[in-house]
Amino acid sequence: MQRALSVHRSDGARSNFPNWYQAVVREADMAEISPVRGCMIIKPWGYGVWELIQKELDKRIKDAGHDNCYFPLFIPLSFIAKEASHVGGFAKEMAVVTHHRLKTIDGKLQPDPDSKLEEPLIVRPTSETIIGDAFSRWIKSHRDLPMLINQWANVVRWEMRTRLFLRTTEFLWQEGHTAHADGHEAMEETLRILDLYREFSEKILAMPVIDGEKSANERFPGAVKTYSIEAMMQDGKALQAGTSHYLGTHFAEAQNIRFQNETGELTLCHTTSWGVSTRLIGGVIMTHGDDDGLRLPPTIAPKQIVIVPMLRGKPEDADVLGFCHRLTDALSQMKVYGQPIRVLFDTKDVKSADKRWNWVRRGAPIIVEIGPRDVANGVVSFMRRDSLRDGDKVKSHSMPRDEFVAGAAGLLNQIQATLFAEAKNRLESNIRSDITSPGALAEYFGAGKDDDEADEFKGWVRAPWSNPTGAALAGIEQQLKSLKLSIRNAPMDQDESHGPCIFTGEKGVQDILIARSY
RNA sequence: CGGGGCGUGGCGCAGCCUGGUAGCGCAUCUGCUUUGGGAGCAGAGGGUCGCGUGUUCGAAUCACGCCGCCCCGACCA
């Protein structure tokens, strides 16, 4: 059967999934690899999605009381060295600036040895240390608290292996940093943001997630507690889509972030940090994409409705164009999610059929096609990207023009709801809680089976455990690693009582999610 | 960084084993025909075959080195 994409996923098998993913990124015009290793060029359609993500998330962050700032791209080496586990966690992936000038030596342009920096600068992998330094100067009194700051920035982490959007050397993100008078308040902030991320992911990205706490060895370097939202991709793997950390007084101690409390005592602040990145776009692609390309939730589609005129090179073309112009204007007057509907009248001099398939691949939620017959009958023919086909055939709908205009916002809402419902159903129906031993876990995830079987779609496992620490935890992690599994998080949503621990057999204290992951 | 695969016009690939100076499909451009849907015919443009060194009269093809991409592992938010 003919599909809009050059690479197809093969019925749930994971083997073809990476190729399919790359095909979507490329053919949906989202991004391309750049001349710089591990870095990507985000193209207009992909960046448009990011801008909408920024807009929606920025609003929520500000509504929660945070102000935006901008801190330097460079961080003095001495800053990053201040918090021991923080350095430990990031040391292996730092880009370091050592010179400030180039010189041609022996005909070769190279860093001028005479321009060596006294103190090397690192390109920020995250900004806790430089923001903490500012906090230590900004915060003097309990009246300065809480300090609620956010920044939109690029960061660099020199990863071994990169994938477009999911893990790139440079990526765009938002990082929130807050300081509070006590641990209780800082924990509240950490969880409030976690919930904000969950709500944002579900409502705006139509990507259902499970929020929970990370296990001890997956904590952010320097954190006391780390929480995440985890989304299920269409190959069954988990994607960590956002994190929120309670940093305790670790950074406050390292950087002397103190305030005088009501009784005049000098007291350490409790800090938090949290972020989501362009990785979310990868999550959207792997959550909603299909064999015809990307399917964008209307909330983040740069163009929600695209109108393609069916021109014939005949006199009635003028009528078609006029009809399309008026339709574009009428739709632009309508609102969805409190903002004008984003409509594009695609007048590019390209064959109509090609335009249609380009928009299908890019995932425009509604694609309208107008020909002379539509004009004569005063109707609008359109396709819904969320349910493009009936079997193999493309499903085309027709509706009186005024009815379509009046119902457009509702239709976009419906598409958003359909995408979310599909993803939600996939998530919920693929978490098994009937696996209660390491043996059963190994069997389910295909240990010892041949490649084809091991390659089948697997979801997640939810199981009780006794929350072991130290060597016991490390042993379990090792065991999971041999199955390519990891503990994703301990969901916030927990039952009162728990069965015996899947690993130790001891009394369970909470449920955890186990999955393959990105 | 270890194991495997790959790198040939924008995209997908053949040619490589058995060296003789580049080909196919899609896309692009032009013209004609077609027109409720990914059109047909004819013609055209576009590649120093990832980079470098070597072997050879001659290298996409053989050897060595390097770079990049993908998968698995290691690592990691």
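Naming: A, B, ... by sequence-line order, numbering from 1 per chain. The figures that follow rest on heavy atoms only: side chains count, while hydrogens, waters and symmetry mates do not.
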>> Between A/D386 and A/R384, does any side-chain N to carboxylate O distance fall below 4.0 Å?
In response: yes
>> Categorize A/K355 for me: base, sugar-phosphate, or nothing, with a 4.0 angstrom heavy-atom threshold over every strand shown.
In response: nothing
> Where the side chain of A/R389 is defined as all heavy atoms beyond and including C-beta, which of B/A74, B/A77, B/G38 is the nearest nucleotide?
Replying inline: B/G38
> Once you round it to whole Å, what is the distance between P of B/C67 and CD1 of A/I33?
Replying inline: 16 Å
>> Does the Lys NZ or Arg CZ of A/K458 fall within the cation-pi geometry relative to A/Y444 - under 6.0 Å from the ring centre and within 45° of the axis?
In response: yes
>> What's A/R167 touching, base or sugar-phosphate or nothing? Going by heavy atoms closer than 4.0 Å.
In response: base
>> In whole Å, I'd like the distance from the NZ atom of A/K484 to the C1' atom of B/C71.
In response: 10 Å
> When all nucleic acid strands are considered with a 4.0 Å heavy-atom cut-off, which category describes A/K214: base, sugar-phosphate, or nothing?
Replying inline: base
> Which whole-number value in Å describes the distance from A/N358 CG to B/U28 P?
Replying inline: 10 Å
> Whole-Å distance between B/C26 P and A/L5 CG?
Replying inline: 19 Å
> Who is the Watson-Crick or G-U wobble partner of B/C66, with both distances under 3.5 Å?
Replying inline: B/G50
> Does the side-chain hydrogen bond (donor to acceptor under 3.5 Å, both in side chains) test come out yes or no for A/E170 and A/T168, once each step is laid out?
Replying inline: CA-CA 5 Å; A/E170 178 190 19; A/T168 45; over 6 Å; no
> For atom P, what is the distance between B/C16 and B/U21, given to the nearest Å?
Replying inline: 14 Å
>> Can you tell me which nucleotide in B/A39, B/C76, B/A74 comes closest to the side chain of A/E93?
In response: B/C76
> Under 4.0 angstrom, heavy atoms only, what part of the nucleic acid is A/E27 near: base, sugar-phosphate, or nothing?
Replying inline: nothing
>> Rounded to whole Å, please give me the gap between NZ in A/K481 and P in B/G73.
In response: 11 Å
> Expressed in whole Å, how much space separates the P atoms belonging to B/U53 and B/U28?
Replying inline: 38 Å
> So, does the side chain of A/R26 form a donor-acceptor pair with the base of B/C11 at under 3.5 Å?
Replying inline: no
> Quick one: does A/Q234's side chain have a donor or acceptor within less than 3.5 Å of a partner on A/T287's backbone?
Replying inline: yes
>> On RNA chain B, compare the nucleotides closest to A/S482 and A/Y227; which residue's is nearer the 5' end?
In response: A/S482
> Are A/R124 and A/W173 in a cation-pi contact, defined as NZ or CZ under 6.0 Å from the six-membered ring centre and within 45° of the axis?
Replying inline: no
> Do you know which two heavy atoms are closest between A/I487 and A/K214, and how far apart they sit?
Replying inline: O-NZ, 4.4 Å
> Aromatic rings A/F503 and A/W465: how do their planes relate, parallel, tilted or perpendicular, breaks at 30° and 60°?
Replying inline: perpendicular
> What nucleic acid atoms does A/Q240 come within less than 4.0 Å of, heavy atoms only: base, sugar-phosphate, or nothing?
Replying inline: base
>> Just the rounded figure in Å: distance from C1' of B/C76 to CD of A/E218.
In response: 10 Å
> If you look at every strand shown and take non-hydrogen atoms under 4.0 Å, does A/G38 touch a base, only sugar-phosphate, or nothing?
Replying inline: sugar-phosphate
> Can you tell me how far C1' in B/A14 sits from the matching atom in B/G23, rounded to whole Å?
Replying inline: 7 Å
>> Rounding to an integer number of angstrom, what distance separates B/G3 and B/G19 when you compare their C1' atoms?
In response: 31 Å
>> What I want to find out is whether A/E199 reaches A/R60 closely enough, with some N-O distance under 4.0 Å, to be called a salt bridge.
In response: yes
> Which base sits across from B/C29 as a Watson-Crick or G-U pair, both distances under 3.5 Å?
Replying inline: B/G43
> Closest nucleotide of RNA chain B for A/M310 versus for A/D349: which of these residues is on the 5' side?
Replying inline: A/D349
>> Given B/C70, B/A74, B/U28, identify the nucleotide with an atom nearest to the side chain of A/D354.
In response: B/U28
>> Can you check the distance between B/A22 and B/G50, where both ends of the measurement are the P atom (answer in whole Å)?
In response: 15 Å
> Tell me: CD of A/E213 to P of B/A77, nearest whole Å?
Replying inline: 16 Å
> Between B/A74, B/A77, B/G38, which nucleotide has the shortest distance from any of its atoms to the side chain of A/W357?
Replying inline: B/G38
>> Does A/T226 reach a base, just sugar-phosphate, or nothing at all? Heavy atoms under 4.0 Å.
In response: base
>> By the 4.0 Å heavy-atom rule, please label A/P221 as base, sugar-phosphate, or nothing.
In response: sugar-phosphate
> What does A/S352 touch in the nucleic acid at a heavy-atom separation under 4.0 angstrom: a base, only the sugar-phosphate, or nothing?
Replying inline: nothing
>> My understanding is that a pair needs two contacts under 3.5 Å, Watson-Crick or G-U wobble. By that rule, which nucleotide pairs with B/U55?
In response: none
> Taking the side chain of A/K351 as its heavy atoms from C-beta onward, which of B/C76, B/A39, B/A74 lies nearest to it?
Replying inline: B/A39
>> Any strand counts, and the cut-off is 3.5 Å on both contacts for Watson-Crick or G-U wobble. Which nucleotide pairs with B/G23?
In response: B/C13
>> Does A/K43 qualify as a cation-pi partner of A/Y47, given the criterion of NZ or CZ under 6.0 Å from the six-membered ring centre and within 45 degrees of its axis?
In response: no
>> Taking B/C26 as the reference, what is the distance to B/G38 when you measure between their C1' atoms (whole Å, please)?
In response: 12 Å
> What is the distance from NE2 of A/H245 to P of B/A77, rounded to the nearest Å?
Replying inline: 9 Å
> With rounding to whole Å, what would you report as the distance between B/U61 and B/U56 at their C1' atoms?
Replying inline: 13 Å
>> Regarding A/R279, tell me which of base, sugar-phosphate or nothing describes its non-hydrogen contacts under 4.0 Å with the strands shown.
In response: nothing
>> Taking only the C1' atom of each, what is the distance from B/G47 to B/G7 in whole angstrom?
In response: 14 Å
> Which part of the nucleic acid does A/S381 contact within heavy-atom distance under 4.0 Å: base, sugar-phosphate only, or nothing?
Replying inline: base
>> From the set B/G38, B/C76, B/C71, return the single nucleotide nearest to any side-chain atom of A/K92.
In response: B/C76
> With sugar-phosphate meaning primed atoms plus P, OP1 and OP2, does A/T162 contact a base, only sugar-phosphate, or nothing at under 4.0 Å between heavy atoms?
Replying inline: sugar-phosphate
>> Just to be sure I understand the rule, does A/R361 reach a base, reach only the sugar-phosphate, or reach nothing, if contact means heavy atoms closer than 4.0 Å?
In response: base
